[in-house]
Amino acid sequence: MAVAELHVVPHTTTGGWTVGRAWFATLSEAEQAARRQAKAEQAAIFLHDRYHRVRALVQR
């Protein structure tokens, strides 16, 4: 079984953040939404920053 992945990605034109098709004004809001969704889907979360670096977020 493949592990589902969620990606928190910066939205370059608005300065916000996206998780899938959902847009959030702040990184904190996007992370919280990703954590809620990941918990329900047993998914891993990856945060992409504005410098094209990627890191995994640890689930709490």
Side-chain angles (χ1 to χ4, degrees):
M1 183 176 156
V3 175
E5 295 181 357
L6 291 172
H7 294 265
V8 179
V9 181
H11 192 262
T12 55
T13 57
T14 64
W17 296 85
T18 60
V19 178
R21 293 183 177 211
W23 181 88
F24 300 91
T26 67
L27 177 57
S28 178
E29 292 172 336
E31 279 188 44
Q32 288 173 4
R35 287 184 193 279
R36 283 191 302 271
Q37 188 174 348
K39 191 173 187 179
E41 297 178 7
Q42 296 291 308
I45 304 170
F46 295 92
L47 173 64
H48 298 249
D49 68 13
R50 298 190 192 283
Y51 302 103
H52 305 287
R53 295 176 296 205
V54 179
R55 67 180 172 96
L57 294 180
V58 177
Q59 294 291 66
R60 296 179 202 163

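What you see is a predicted model, and the numbers here were worked out from it, not measured in a lab. Counting from 1, the numbers follow the sequence of the chain as shown.
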Report the residues that fulfil side chain to side chain donor-acceptor pair (under 3.5 Å) with Q32, sequence neighbours left out, ordered by chain and then residue number.
none

Taking only residues two or more places apart in sequence, or in another chain, which ones meet R21 in a side-chain contact (heavy atoms from CB on, under 4.5 Å)?
none

Taking atom CZ of R50 as the centre, report whether more than 12 heavy atoms of other residues, nucleotides or ligands fall under 6.0 Å from it.
yes

Could you pull out the closest heavy-atom pair between A34 and L6, with the gap in Å?
O-CD1, 3.4 Å

Excluding sequence neighbours, so at least two apart, what forms side chain to side chain donor-acceptor pair (under 3.5 Å) with R53?
D49

Is there a path of hydrophobic side-chain contacts, each under 4.5 Å between heavy atoms of I/L/V/M/F/W/Y residues, joining V9 to L57?
no

For T13, enumerate each residue passing the side-chain contact (heavy atoms from CB on, under 4.5 Å) test, keeping only those at least two apart in sequence or located in another chain.
H11

Set of residues satisfying side-chain contact (heavy atoms from CB on, under 4.5 Å) with respect to A25, sequence neighbours excluded
W23, E29

So, for A33 and F24, which heavy atoms are closest and what is the spacing to 0.1 Å?
CB-CZ, 3.4 Å

Can you sort out the partners of H48 under side chain to side chain donor-acceptor pair (under 3.5 Å), two or more places apart, ordered by chain and number?
H7

Of the non-hydrogen atoms in T26 and W17, which two are nearest, and what is the gap between them?
C-CD1, 3.6 Å

Whichever hydrophobic residues join F46 through chains of side-chain contacts under 4.5 Å:
V54

Determine, step by step, whether V19 and I45 satisfy the side chain to side chain contact (heavy atoms under 4.5 Å, CB included) criterion, reporting the C-alpha distance in whole Å, the side-chain angles of both residues, the deciding distance to 0.1 Å, and the verdict.
CA-CA 10 Å; V19 178; I45 304 170; over 6 Å; no

